[in-house]
Every structure is written in C-alpha cells, then in structure tokens.
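Presented below is the structure to which this report refers.
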Amino acid sequence: MIRSLSGEVSVQIRDWQLFHQSTPLDSIAPHLSLENLKASWAYPRGVLDGIALRLRHSNANLHASLTPHGMIESLIFEVLEQIRVESNCPDELKGSQQNIQTQFIAWMQQFIASGGTEGSIGLLLITIFSTVWMKLNSQPIPQLMQDIVEATRAGIAESMGPLLVKLKANRNNQEVYAQTSHEVINLISALIANEYRNNPSIRTKRKNQAATHLKIEWVPPHVGKVATDFKSPAISSSEKRSLLKKSLEKYTIYNSSYDTEVEAKKKIRSGQLAIYQDQLNTEIAKQNIPWAKLIRIYQQLFSSNLPNRWQTTETETILDRRYLTRVATSPLQPALYKQVTPNSKVNSRITLLVDCSGSMKEQRVKIAVCVDSLSRILEHAGIQTEILGYSTSTWQGGRPFKEWRKNGQPPNPGRLNERAHWIFKDFDTSWRRARAGIAALLHPEIYAESVDGEALIWATERLKKSSTNQQINKTLILFSDGCPMDRATIEANGEEFLKNHLLQAIAWCEQQPYLQLWGCGIGEELRPFFPNRLSWNHEIENISENLADWAKELKNTKAR
C-alpha cells in the first residue's frame, strides 16, 4: 500500500520499523508511528496512507536540513510538515483523505484521553496542531476537543493568526512553509520560556526532556544522525571506515587506570555464590525446558552445509559402479551399493553480552535463567559461548570524577566513571564448570551505571581473538533495555556523548567480517540502529517460549 501510493519501491517494514533505501525512518510524526498499529484506537489505513503521502510530497533531504534541534522544536516541525503533506492529498483519493483525517483526530483524542493536556506544554502543543490542521484542511475537529483547546487558542490567536494564513498560502512550497514553521516554533518556545522562567524546578524537568507534562513518544532526528552517516550509500566503504575510525578516536576517557576487567565470581563470597547457584538451579527447574528439542533446533540453525559425500559398501540404494565387474563375474557375492549422506559442521561462536546497569537489576533472575539455559543449549549443540557483562564500579562518577573536579573541571573531559567489565563465562570454560560464574548475575551489587559503547567494542574484540580461524561465524547478542547512562559523564560532556559513541560502536561492529550483531530487549530509542533484534516479552514466565522465538528469529534472518 505504501509503495503504491508513494511510488517508492524500496520502502519496507521489518519488526515494526519503517525502512527507506535500507535506512531506518524513526523520526516520523507521532500519529504515524507503526507502534500505533497495535493500539485499538488507531486507524491502520490512515497510518499507512499518511506515511505514503509523506514519502510522496516531502523532500527528505530538505526537511532534514531545516529540522531544528531540541525535542519540542523538532517535534513541532515534524508534525507541521506532516499536516502539510496530508493536506495536499489529491482530491481524487477520497478514501485516503478520509483515512488520514480519521487517524489524526483519533491520535489527538487518545492524547487528550491519556492525560496529555493536563500539563501546559501538552495543551499548548495540541492546540497548535489542531489549529493548523483545521486551517490547512478546512475541516472542524470534534466539539469536545474544541472546548478543551478554545481558551489556549484564544490566548495565542493574535500572534498565531497571521502565521496560519502564511502556512496555508505556502502549503505547496515546502521550503517557504518550513520558514513559517520556524516562526511558529519560535513563538511556542518563547511562550514556554516565559511560563517557566521563574520556576527552577519545572525548568529542570524541561531540560531533562522527560517531564510528565509531555506525553508524546518522540525521538529527535539528530539523535540518529551519527549512525546514519556511516550507512549512507553516497560514500564508499573505505570512506565509511575512515569516517568511523576518526569518530571513534574522538571518544576520550579522563582516567582509565581505575577500570577493571574481572571474573564476576571472584567479587562474591563463596557462600553467597553457592546460594545464588541454588536459586538459579531452582528457577531453571521450574521452567520444564525441552532441552533435546531446543538443542536439535539450534544445532541445525548454526550448522554449515558442506559438500555431500558418498557412503559406500551399503547393502541397498544405488549400485556402486566400481563393483560392476564383480557383479558380472561373481553373481553369488552380494552387490555393493552407495548412498549420499548430508555433511554438516557447526562453525560458529557466540558471545552473550549483558547490560548490568541499575535498570536491569529487577530482571536479573530472568536474564540469568535465559543466559544459563541458552549457553547450555548452545554447548550441547557444539557451539562455544562466552558470557560477559558491563557496568561501572561506582554511581555518578568515581575517582576520575573527583580528580576532574579537583583539577578545575576542564570542559569535555570524556568518561568520568570507573568502567567495570565482568566475565561470567569464557570460551575455554565449559557450561557445567562455569555455572557458578553465571550465577554471579544474581548479585545485585554489580548493577550500577553503564558505558555501552566501550563494552560492545570490548566484547567484539574478545570474540574476534577467540579463534585462529578468521572465517568462523561470530554472533554477538547484546541484552539491554535502554541507552547508556553514566550521570557524571553525561553532565560533563552532554546528553549525546555516550549515546553517539554507542551508535558508532554499533556501526563499527557491522563492518567486522563474519560478525553478526543482535540486540535483545533494546529500548525504542535505540531499536532502529539494531537491524537484527531478538524479542523480549516481559509477560512470558516460561522462558522456553523466548528460546524458541529466538531460534525462529535467527533462522528468518539467515534466510534473507
């Protein structure tokens, strides 16, 4: 449907993510998010038609070059552009017009019903969106919505009126329309700044961009720019590698002398470790996992097909022509036959990398059960595994942070915390001997903050060096639930410092030969940057379903 209406044959949807020319399109107006298709209030045809019209009537490069930074600013710009392209839906497409209008109104109604207008910012935004939509579409909104936004609309009518006229007059000219959109953004920004200028607590929430005043799922487009640059088809592979190398070299560490890389079980008393192992055994026993079935599935999944070979001296099937003479001269002796036998070999190594940040602490039992079970299955299938983890040794910076403050807090110091890399099981240790180490995942004190980019590169380097056979297939699975978080580093270097390094690390992993990177449980903000993803259902209590689902998802990717 999208391809037909937009004329773009390269558009595809994978795992609830929209791709155009193999590049994920994550920054799209909230009412068109593919996640809405799962909601009962959404109108699916309106979502798909809206996306198609956007691809058809909007110049993506021009839009990206004019998009302002800032969460609210970029959100307003995005929604106004989407309203423009939807208002330009051809008159002959009456059905599409009705679809997109129904979806936009349904989204606004859901936003209001979920408490979005209880905060002043949300009320202001929905007033702007509805007012612009009515002007460009010459259509009213439901009376209840009009009643909700009327007071706010009247308050900004004098300033907003001339801008609405300009928006409608230039709705066929994207560049001029965008200039007027910037004027609207400046007006809204001034209203917000004026309201919160003398309220420090609310101003702090505004800076954090996570206040409950704005209940709209939105990721600014510039967040993903770093990773997109490395995937751009406009530059060659060598240029991509060079650009990525230079970007990675810009990542700095204030003091790495306090960083640690240690077996997790060595940090835990033996008595406590035994308790964790008993707890892990009990949890796994409750699952009733079909080991033999899953071992067979994963063995077939990671087996490489070699040239078939002939099994000779058989008693039936195809006559072996080497013995034709004997058949003729000695008819009383049994004839010898041959048959084709399949020949396969497991040629893979897998690293399981676990995010041991504080937000993962509540899930540590389920994570430990999944990792232990998967490692057992893979080992019995002939696949060597390594289980690693990462966090920090302290909260909100450690000794490097104190040194930085003592030295006058120079700008852009780089990472300020003490990185901790955990080894729960290495490639040379069997699953049975490593069970105590895996049980260390249950220890709550190893969970702190996280520096994901460094951990991803560290795990990849270990995986690459684990075998002398450079052509062995390598798989790295990252278990994580969100973005990097080290408060001291972010406050000193900016919110995007750690996230950009992670995106660069992901791009670097994708350049490594015979390596496939997977993300499991990855949050929505980073999901578009992991082309390979394993599902993680929090509601599933029996992990056998997760293990079976992962096998299907791994198989589907291999089939592509």
Legend entry - Partner of Phe302 under side-chain contact (heavy atoms from CB on, under 4.5 Å), chosen from Ile297, Asn347, Thr475: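 It is Thr475, the one option of Ile297, Asn347, Thr475 that forms the side-chain contact (heavy atoms from CB on, under 4.5 Å) with Phe302.
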Legend entry - Given Val451, Ile506, Asp452, Ile457, the one that forms side-chain contact (heavy atoms from CB on, under 4.5 Å) with His501: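 Going through Val451, Ile506, Asp452, Ile457 one by one, the side-chain contact (heavy atoms from CB on, under 4.5 Å) with His501 is satisfied by Ile457 alone.
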Mind checking whether [X] and [Y] have side chains closer than 4.5 Å, heavy atoms only?
X	Y	answer
Glu449	Asn417	yes
Lys366	Met360	no
Ile284	Ile543	no
Ile490	Phe497	no
Glu510	Pro531	yes
Asn532	Leu517	no
Trp536	Ile367	yes
Leu248	Trp508	yes

Inset, instruction - Name all pairs fulfilling the side-chain hydrogen bond (donor to acceptor under 3.5 Å, both in side chains) condition that reach into residues 288-300, sequence neighbours left out, sorted by first residue then second. - result: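 Passing the test, one end in residues 288-300: no pairs.
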Roughly how far, to the nearest 0.5 Å, is [atom2] of [Y] from [atom1] of [X]?
X	Y	atom1	atom2	result
Glu545	Ile289	CD	CD1	11.5 Å
Arg462	Leu353	CZ	CG	11.0 Å
Lys499	Met485	NZ	CE	9.0 Å
Lys555	Leu301	NZ	CG	8.0 Å
Asp355	Leu456	CG	CG	11.0 Å
Ile383	Ser348	CD1	OG	5.5 Å

Legend entry - Partners meeting side-chain hydrogen bond (donor to acceptor under 3.5 Å, both in side chains) with Trp422 (sequence neighbours left out): Ser391
Inset, instruction - Go through the steps to decide whether Val262 and Ile423 satisfy the test side-chain contact (heavy atoms from CB on, under 4.5 Å), and finish with yes or no. - result: CA-CA 6 Å; Val262 65; Ile423 302 172; over 6 Å; no
Legend entry - Derivation and outcome, side-chain contact (heavy atoms from CB on, under 4.5 Å), residues His63 and Thr67: CA-CA 6 Å; His63 180 75; Thr67 299; 3.8 Å; yes
Inset, instruction - Take atom NZ of Lys464 as the centre, draw a 6.0 Å sphere, and report whether it contains more than 12 heavy atoms from other residues, nucleotides or ligands. - result: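 More than 12 heavy atoms, drawn from other residues, nucleotides or ligands, come within 6.0 Å of this atom.
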Inset, instruction - Give a yes or no on this: more than 12 heavy atoms of other residues, nucleotides or ligands lie within 6.0 Å of atom CD of Glu461. - result: yes
What's the shortest heavy-atom distance between [X] and [Y], and which atoms?
X	Y	result
Leu416	Ala492	CD1-CB, 3.6 Å
Ser257	Asn255	OG-OD1, 2.6 Å
Ile387	Ser375	CD1-CB, 3.9 Å
Ser535	Asp549	OG-CB, 4.0 Å
Ile477	Cys520	CG2-CB, 4.3 Å
Thr460	Cys509	OG1-SG, 3.3 Å

Inset, instruction - If a pair satisfies ring pair (Phe, Tyr, Trp, His ring centres under 6.0 Å) and one of its residues is in residues 375-400, list it, with sequence neighbours excluded. - result: none
Inset, instruction - Can you run down the ring pair (Phe, Tyr, Trp, His ring centres under 6.0 Å) pairs that involve residues 448-488, sequence neighbours left out, and say none if there aren't any? - result: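 Every ring pair (Phe, Tyr, Trp, His ring centres under 6.0 Å) pair that includes a residue of residues 448-488, provided the two are not neighbours, is His421-Trp458, Phe479-Trp550.
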Inset, instruction - Using the ring of Tyr251 (Phe, Tyr or Trp, six-membered ring only), decide whether Arg415 places NZ or CZ under 6.0 Å from its centre and within 45 degrees of its axis. - result: no
Legend entry - Phe427 vs Ser467, side-chain contact (heavy atoms from CB on, under 4.5 Å): CA-CA, chis, key distance, verdict: CA-CA 10 Å; Phe427 282 112; Ser467 174; over 6 Å; no
Inset, instruction - Decide whether Trp518 and Gln516 meet the rule of one side-chain donor and one side-chain acceptor closer than 3.5 Å. - result: yes
Inset, instruction - Check the pair Arg269 / His443 against side chain to side chain donor-acceptor pair (under 3.5 Å), numbers first and verdict last. - result: CA-CA 11 Å; Arg269 292 183 296 106; His443 191 52; over 6 Å; no
Is there a donor-acceptor contact under 3.5 Å from the side chain of [X] to the main chain of [Y]?
X	Y	result
Asn412	Asn493	no
Ser373	Val369	yes
Arg349	Gln384	no
Thr385	Ile350	no
Arg364	Lys361	yes

Inset, instruction - Can you run down the salt bridge (Lys or Arg N to Asp or Glu O under 4.0 Å) pairs that involve residues 419-446, sequence neighbours left out, and say none if there aren't any? - result: Asp259-Arg419, Asp372-Arg435, Arg419-Glu454
Legend entry - Lys/Arg-Asp/Glu bridge criterion (N-O < 4.0 Å) met for Lys406, Glu403: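 Salt bridge flag = no for Glu403 with Lys406.
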Inset, instruction - Report the residues that fulfil salt bridge (Lys or Arg N to Asp or Glu O under 4.0 Å) with Arg399, sequence neighbours left out, ordered by chain and then residue number. - result: Glu418
Inset, instruction - Take Leu352 and Leu388 through the side-chain contact (heavy atoms from CB on, under 4.5 Å) test and state the conclusion after the steps. - result: CA-CA 6 Å; Leu352 309 178; Leu388 308 174; over 6 Å; no
